[in-house]
Amino acid sequence: MTGSLKFTPIASALSRRRLLKVAALAGAMALVGCQANQAAAPPTATSPTTEAKGMKLQLTQEWDKTFPRDEDVDHRKITFTNRYGITLAADLYQPKNRSGERLPAIVVGGPFGAVKEQSSGLYAQTMAARGFVTLAFDPSYTGESGGQPRNVASPDINTEDFSAAVDAIGLLPEVDRERIGMIGICGWGGVALNAVAVDKRVKAVVASTMYDMSRVMSKGYNDSMTPEQRTQALEQLSRQRWVDAEKGTPAYQPSYNELKGGEAQFLVDYHDYYRTPRGYHARAVNSGNAWSITTPLSFMNMPLLTHIKEISPRPILLIHGEKAHSRYFSETAYEAAAEPKELLIVPGANHVDLYDQVDKIPFDRMTEFFSKNLK
């Protein structure tokens, strides 16, 4: 999860400010207000393509990343199609000084509600400078990737996006398809673990500052949602489907990461990344755009980490900040996973620090991890 999980109070039970302060803070998406008249339409910036079946995506060719270009790394844009026929846009990074031998590769996705021009691109470019062919992609329905309607997420389709990225990178002549790893950041960390559990082609996986989106949407932060709150949220989300069906288009939540005052610190941290020059990108859901109101429905019914033990004997590296509000997701995932596994806690780091603070992101440890396990 990124700062993207925003909601309005249901049944006027609590004020927004109080909701942000209590432990049930949110059931996040699960306590989303479902009244259509409170929802904002997604800005046009989130819809750079008008993809129909088989239509070629229109990709921006300028360097519009939130991080500087590394002149020691070659970069180009590519597209590929997932198993559901949705065309995805991606940035491919390769070390400039490479020999003719096939190289190990890493696919990178996340955070939830971000685009490839943000954290995933930074991770991908950095690992390419260290000798890997890497691919950072926009998930279906977001960024420059295809899919209608816009700004919708799905535990199934987005898990497939990761495997489709493995398809694509494994077909490149410069890649050794028997040496492919995966990195998932934030909310896509849990999705990446779900993908690797079923996709045996992936030899090693890193989940950085990980969220289990299905858990937080169905149970709230720190599993604080009561059964009654879950039932009430599902009742409202279910009825929102009729509103959307009648209008022929989904309603959207209010713009993400706008501060009104009195927010919890982690929401301030999200704002400081997504809504400032540090990490703002017009195509990102989290940069003042929004997910559809009904996005939580499938996540609330499909636990992502059910089969995490089946990643074994392939290794897992979980990375989290010492001070991150989300740290418990990695800790419980570590407990549930089978060996070989490692949980690396970064001293002093909060959740958002691991998006872009290169002095805190443990790239040396990730390089060691993938070098060892993608032999």
Side-chain angles (χ1 to χ4, degrees), residues 1-5 26-30 106-114 119-120 123 136-142 152-166 181-199 202 204-223 225 266 270 285-286 291 295-312 314-321 324-338 341-345 351-352 354-355:
M1 172 184 162
T2 61
S4 63
L5 296 190
M29 285 261 221
I106 304 169
V107 299
V108 190
F112 188 81
S119 301
S120 60
Y123 275 64
F137 64 93
D138 285 333
S140 295
Y141 309 108
T142 63
V152 176
S154 160
D156 181 27
I157 294 174
N158 296 136
T159 295
E160 161 61 21
D161 290 341
F162 272 98
S163 286
V166 174
M182 186 176 289
I183 299 173
I185 307 165
C186 187
W188 294 136
V191 177
L193 294 173
N194 190 49
V196 176
V198 70
D199 194 333
V202 181
V205 59
V206 169
S208 179
T209 196
M210 189 269 287
Y211 255 80
D212 177 349
M213 296 308 301
S214 56
R215 180 179 177 184
V216 74
M217 290 189 197
S218 62
K219 297 182 178 181
Y221 282 109
N222 295 302
D223 302 335
M225 182 184 293
F266 75 93
Y270 286 139
V285 175
N286 297 331
W291 293 107
T295 285
L297 276 170
S298 55
F299 284 91
M300 292 177 73
N301 202 40
M302 299 180 186
L304 285 167
L305 301 186
T306 301
H307 300 291
I308 191 171
K309 288 184 182 295
E310 296 181 20
I311 294 175
S312 178
R314 296 162 297 156
I316 300 172
L317 173 60
L318 297 161
I319 301 169
H320 228 104
H325 70 283
S326 53
R327 176 174 164 176
Y328 73 98
F329 288 115
S330 285
E331 291 174 335
T332 54
Y334 176 79
E335 292 171 2
K341 59 184 179 179
E342 179 182 354
L343 174 60
L344 174 61
I345 301 298
H351 180 85
V352 177
L354 299 187
Y355 286 3

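As the structure is a computational prediction, the values presented were derived from the model and not from experiment.
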Please check: side-chain N/O of [X] versus main-chain N/O of [Y], any donor-acceptor pairing under 3.5 Å?
X: Asp161; Y: Ser140; answer: yes
X: Lys309; Y: Ala338; answer: no
X: Ser120; Y: Val108; answer: no
X: Ser330; Y: Leu318; answer: no
X: Thr142; Y: Asp138; answer: no

Which class fits the ring pair Tyr270 and Tyr355: parallel under 30°, tilted 30 to 60°, perpendicular over 60°?
parallel
Please round to the nearest 0.5 Å and tell me the distance separating atom [atom1] of [X] and atom [atom2] of [Y].
X: Met300; Y: Thr295; atom1: CE; atom2: OG1; result: 12.5 Å
X: Met302; Y: Met213; atom1: CE; atom2: CE; result: 15.0 Å
X: Tyr328; Y: Asp223; atom1: OH; atom2: CG; result: 6.0 Å
X: Leu193; Y: Ile316; atom1: CG; atom2: CD1; result: 5.5 Å
X: Met182; Y: Ser163; atom1: CE; atom2: OG; result: 5.5 Å
X: Leu304; Y: Thr159; atom1: CG; atom2: OG1; result: 6.0 Å

At their closest point, which heavy atom of [X] faces which heavy atom of [Y], and how far apart are they?
X: Tyr123; Y: Ser208; answer: OH-OG, 2.8 Å
X: Ser119; Y: Pro111; answer: CB-CD, 3.6 Å
X: Gly184; Y: Ala192; answer: CA-CB, 3.8 Å

Please say which of Ile319, Ile185, Leu305 ends up in a side chain to side chain contact (heavy atoms under 4.5 Å, CB included) with Met210.
Leu305
From Ile308, Leu344, Leu343, residue fulfilling side chain to side chain contact (heavy atoms under 4.5 Å, CB included) relative to Tyr334:
Leu343
With sequence neighbours left out, the residues meeting salt bridge (charged side-chain N to carboxylate O under 4.0 Å, His left out) with Glu331 are Arg327
Answer whether the closest heavy-atom distance between the side chains of His351 and Cys186 falls below 4.5 Å.
yes
Is there a side-chain contact between His320 and Ser326, using heavy atoms and a 4.5 Å cut-off?
yes
Identified ring pair (Phe, Tyr, Trp, His ring centres under 6.0 Å) counterpart of Phe112 within the set Phe329, Tyr211, Trp291:
Trp291
State yes or no: are the ring centers of Phe137 and Phe162 separated by less than 6.0 Å?
yes
